[in-house]
Amino acid sequence: MATSCTPAINLPRLSHHQKPVSATVNIDRSLLLQLDQCSDFSQLKQIHARMLRIGLFDDPYSASKLIQAAALSHFSSIEYAQKVFDRIPHPNLYSWNALIRSYASSQEPINALLIFIKMLCESDELPNKFTYPFLIKASALLSALPVGKGLHGMVLKSEFGSDLFVLNSLIHFYAECGCFDMAYRVFLSMQKRDVVSWNSMIMGFAQGGYTEESLDLFRRMEGENVKPNDVTMIGVLSACAKKLDLELGRSMHLYIRRNGIKETLILNNAILDMYTKCGSREDAKRLFDEMEEKDIISWTTIIVGYTRAGDFNAARSVFRTMPYQDIAAWNALISAYVQNGNPKEALATFNELQLRKKAKPDAVTLVCALSACAQLGAMDLGGWIHVYIKKHGIKLNCHLTTALIDMYSKGGALEKALEVFHSVESRDVFVWSAMIAGYAMHGCGRDAIDLFLKMQEAKVRPNSVTFTNLLSACSHSGLVDSGRDFFNQMEPVFGVVPGIKHYACLVDILGRAGNLEEAVDVIENMPISPGASVWGALLGACKLHGRVDIAERACSNLLELEPQNDGAYVLLSNIYAKSGRWDKVSELRKLMRNYGLKKEPGCSSIEVNGNVYEFLVGDNAHPLSKNIYLKLDEIASRLKSIGYVPMKSQLLQLVEEEDVQEQALNLHSEKLAIAFGLISTSPSQPIRIVKNLRVCDDCHAVAKLISKLYNREILLRDCYRFHHFKEGSCSCMDYW
DNA sequence: GTAGGGTTAG
């Protein structure tokens with residue numbers, strides 16, 4: 001009989017042939033024993049070769065042992081395991097499980113699921129109680145909710161519907177996917193729960209921000225006589241840290257000591273983290289000094305603790321003394337600088353990182369660096385980082401995409417921001433929101449609204465930030481009706497409850513357009529108490545429309561909330577000045593002096609050849625100061641020759657300057673920066689300037705004229721929006 | 001003969 005051409009029939013017979021092989025007991029056992037004891041990769045390869053020679057490989061049991069060693073030992077290589085696996089004629093379930101398990105904890109957990117599908121298609125094996133936890137773990141790592149749900153369904157139809165391990169992995173899976181109700185439902189449905197069930201649920205709740213539920217569960221667990229262990233306490237501490245409850249955290253620390261819970265490195269790190277998050281630098285330091293074993297996480301955590309306490313010197317010195325600065329430690333420093341509004345120091349540290357070449361910047365580093373560039377408007381450097389990302393093949397995740405869009409938008413290159421936006425496949429709510437913000441700050445209100453509509457087509461749910469950006473887009477473009485409509489839709493249509501920021505935007509939209517009565521009406525009917533930003537928006541509108549009556553009320557409310565708000569005094573003083581009430585102006589000045597308040601000095605920065613230069617009012621610290629002032633004189637005389645009259649009333653913005661000089665207007669920081677830009681950049685380049693305050697009327701008018709007289713584009717970002725000066729006019733259409 | 005839960009940086 002010619003059986004050779006019908007392997008499908010031959011295959012089952014092979015297993016019969018294997019019997020004699022496994023009957024060679026002596027060689028068999030010793031080799032398998034060696035496999036168990038094998039401690040490195042080369043030994044493994046030798047055993048593999050011997051197994052091939054004696055045909056042991058055809059025995060599924062022996063083969064499974066080899067797979068286990070190849071896939072799961074400490075020297076394992078998943079590629080090798082896969083190759084071995086592919087040569088096994090009939091892998092048994094144990095082998096499938098070993099391979100699936102190995103992939104489930106690999107870099108590409110998706111392969112665990114693919115191998116599972118292969119198993120279902122190509123073998124007669126069915127998943128058992130060991131298979132499911134691996135598959136569910138892979139789904140959790142992938143946050144693949146539909147996959148996990150499908151597996152859950154299979155589990156329920158199988159005989160493992162009440163298996164403790166399977167259900168525990170489901171709790172973890174649902175929590176990981178953010179389905180806390182499902183996780184809890186599985187938890188409640190269990191007939192028997194062990195410490196892992198409780199731990200998974202406690203950690204799930206803690207990470208989902210349900211701190212009360214988490215802590216409640218911890219108390220109930222004791223009532224049900226399940227003894228908490230070190231992992232339990234990590235979850236509980238995470239909840240304390242999220243709650244910022246130092247006292248509770250301390251009591252948990254005590255609980256750990258009293259109950260003899262094993263103080264593992266990870267647990268100590270969690271306690272350390274709790275202390276730093278709850279703001280107790282002292283407790284953190286004490287524990288840190290006590291810890292016998294420390295790892296990179298301990299060091300990073302204490303650095304973060306010091307930066308949160310504002311002690312950058314201490315953070316730096318810990319950083320210097322730690323045994324090895326990995327990228328997370330660098331990131332901790334850099335991100336702390338970024339978040340504390342010190343982008344220059346952030347970039348200096350980023351620079352240092354690259355010079356030392358000890359650690360490689362990762363996506364987080366680049367997000368931080370880009371955010372620093374965005375704050376500074378340092379587009380050259382930001383663009384360089386973009387090139388770096390491309391060159392190193394770093395994939396754009398949503399964080400990076402958002403950071404790039406933000407950097408380009410704030411640097412004035414809206415087109416580049418759009419390029420990035422369109423180039424990526426996945427866009428989460430932050431990516432969309434950042435792009436809407438980009439349109440908003442450039443005064444493209446219509447485009448922002450269009451994008452918002454496209455976002456809905458893409459089925460991405462807007463959040464509170466999205467609406468802040470959308471409303472500010474309406475404000476910058478004077479889209480009063482759209483703004484009002486969107487605001488009214490927020491809660492009923494999108495389920496986003498308007499917060500202070502949204503009310504401030506609405507007041508700004510209405511007030512800016514001159515509907516001051518309606519704006520006041522909105523404030524009076526707010527369900528939450530109007531914060532400083534709301535009164536500030538109203539005050540700003542009063543300045544624009546010269547409404548002294550409402551301004552006084554807005555200002556006094558604002559100062560009640562923020563007595564130190566120098567901007568409020570300045571604005572009100574401007575309003576008085578505009579209506580000629582000099583008595584009130586000097587009264588305000590006196591008041592400010594009595595309170596020891598000073599107007600925040602104007603500061604403009606400009607990036608030239610990758611360096612960021614800052615100018616303060618009347619600054620002459622720059623090496624080219626002399627040339628800058630010569631240029632300013634030249635500008636002044638050219639402006640005069642075409643009949644420009646400086647807006648002297650704007651001088652009143654400089655409240656703190658008692659002895660205002662004749663040239664004071666000319667010394668505004670943005671003018672210095674523009675003059676410097678004119679002499680130090682090539683005529684084809686636009687001049688990009690970032691100012692910390694709002695641009696004044698005179699500087700705005702002068703910039704328009706310079707853009708025409710010198711045929712130069714000027715991109716000026718003030719603390720509020722972009723002004724794109726070109727051929728004598730500004731993109732804001734003088735509406736700002 | 002195999003398993004499940006954990007801390008840091010945006």
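Values in this document were obtained by computation on a predicted structure and should not be read as measured data.
Rounded to an integer number of Å, the gap from OH of Tyr103(A) to P of dT2(B) is 23 Å. Distance, Leu265(A) CG to dT7(B) C1': 8 Å, rounded to whole Å. The interatomic distance linking Leu33(A) (CG) with dG1(B) (P) rounds to 14 Å, in whole Å. For the pair Ile303(A) CD1 and dA9(B) P, the interatomic distance rounds to 12 Å; values are reported in whole Å. Atom P of nucleotide dT2(B) and atom OH of Tyr132(A) are separated by 20 Å, given to the nearest angstrom. One can place CE of Met119(A) at 13 Å from C1' of dT2(B), the figure rounded to the nearest angstrom. As a whole-Å value, the separation of Phe218(A) CZ from dG6(B) P is 18 Å. To the nearest angstrom, C1' of dT7(B) lies 12 Å from CG of Leu287(A).
Residue Ala328(A) is classed as a base contact, given a heavy-atom separation below 4.0 Å to a base. Residue Asp406(A) is classed as having no contact, given no heavy-atom separation below 4.0 Å to the nucleic acid. Residue contacts shown for Thr264(A) include a base, since a base heavy atom lies under 4.0 Å away. At a threshold of 4.0 angstrom between heavy atoms, the contacts of Asp295(A) with the nucleic acid are absent. Residue-level contact check: Asn268(A) touches neither bases nor backbone, having no heavy atom under 4.0 Å from any strand. When heavy atoms are screened at a 4.0 angstrom cut-off, Glu176(A) is found touching no nucleic acid atom at all.
With dT7(B), dA3(B), dG10(B) as the candidates, the nucleotide lying closest to the side chain of Val367(A) is dG10(B). Closest contact between the side chain of Thr300(A) and the listed nucleotides dG10(B), dG6(B), dT8(B) involves dT8(B). Closest contact between the side chain of Asp163(A) and the listed nucleotides dG6(B), dA3(B), dT2(B) involves dA3(B). Picking from dA3(B), dA9(B), dG6(B) the nucleotide with the shortest atom distance to the side chain of Val231(A) gives dG6(B). Closest contact between the side chain of Phe134(A) and the listed nucleotides dG10(B), dA3(B), dT7(B) involves dA3(B). Residue Phe130(A) places its side chain closer to dT2(B) than to any other of dG1(B), dG6(B), dT2(B). Checked against dG10(B), dT7(B), dA9(B), the side chain of Ala270(A) finds its nearest nucleotide in dT7(B). If you check dG6(B), dT2(B), dT8(B) against the side chain of Lys277(A), the one that comes closest is dT8(B). The side chain of Tyr94(A) approaches dG1(B) more closely than any other nucleotide in the set dA9(B), dG1(B), dG6(B). Of the candidate nucleotides dT7(B), dG1(B), dA3(B), dT7(B) has the atom nearest to the side chain of Asp273(A).
Taking only distance into account, the side chain of Ser64(A) meets the base of dG1(B) through a donor-acceptor pair shorter than 3.5 Å.
Remark: Arg193(A) is positioned above the aromatic ring of Phe187(A), its terminal NZ or CZ atom under 6.0 angstrom from the ring centre and at most 45 degrees off the axis.
The side chain of Ser335(A) places an N or O atom within less than 4.0 Å of a non-bridging phosphate oxygen (OP1 or OP2) of dG10(B). Applying the 4.0 Å criterion to OP1 and OP2 of dA9(B), one finds that Gln339(A) has every side-chain N and O outside that range. The shortest distance between the side-chain N/O atoms of Arg101(A) and the OP1/OP2 oxygens of dG1(B) is not below 4.0 Å. An OP1 or OP2 oxygen of dA9(B) is reached within less than 4.0 angstrom by no side-chain nitrogen or oxygen of His399(A).
For the side-chain contact (heavy atoms from CB on, under 4.5 Å) criterion with Pro109(A), the lone passing option out of Leu142(A), Leu135(A), Ile100(A) is Leu142(A).
The aromatic rings of Tyr337(A) and Phe312(A) lie parallel to each other, with less than 30° between the two planes, well short of the 60° mark.
Contact annotation: the side chain of Leu400(A) approaches that of Leu370(A) to within less than 4.5 Å [non-hydrogen atoms, C-beta and beyond]. Side-chain atoms of Lys137(A) and Ser169(A), non-hydrogen and from C-beta on, never get closer than 4.5 Å to each other.
Under the 6.0 Å cut-off for aromatic ring centres, Phe421(A) and Trp432(A) qualify, their centroids lying closer than that.
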Stepwise side-chain hydrogen bond (donor to acceptor under 3.5 Å, both in side chains) test for Asn469(A) and Ser433(A): CA-CA 7 Å; Asn469(A) 299 346; Ser433(A) 304; 4.8 Å; no
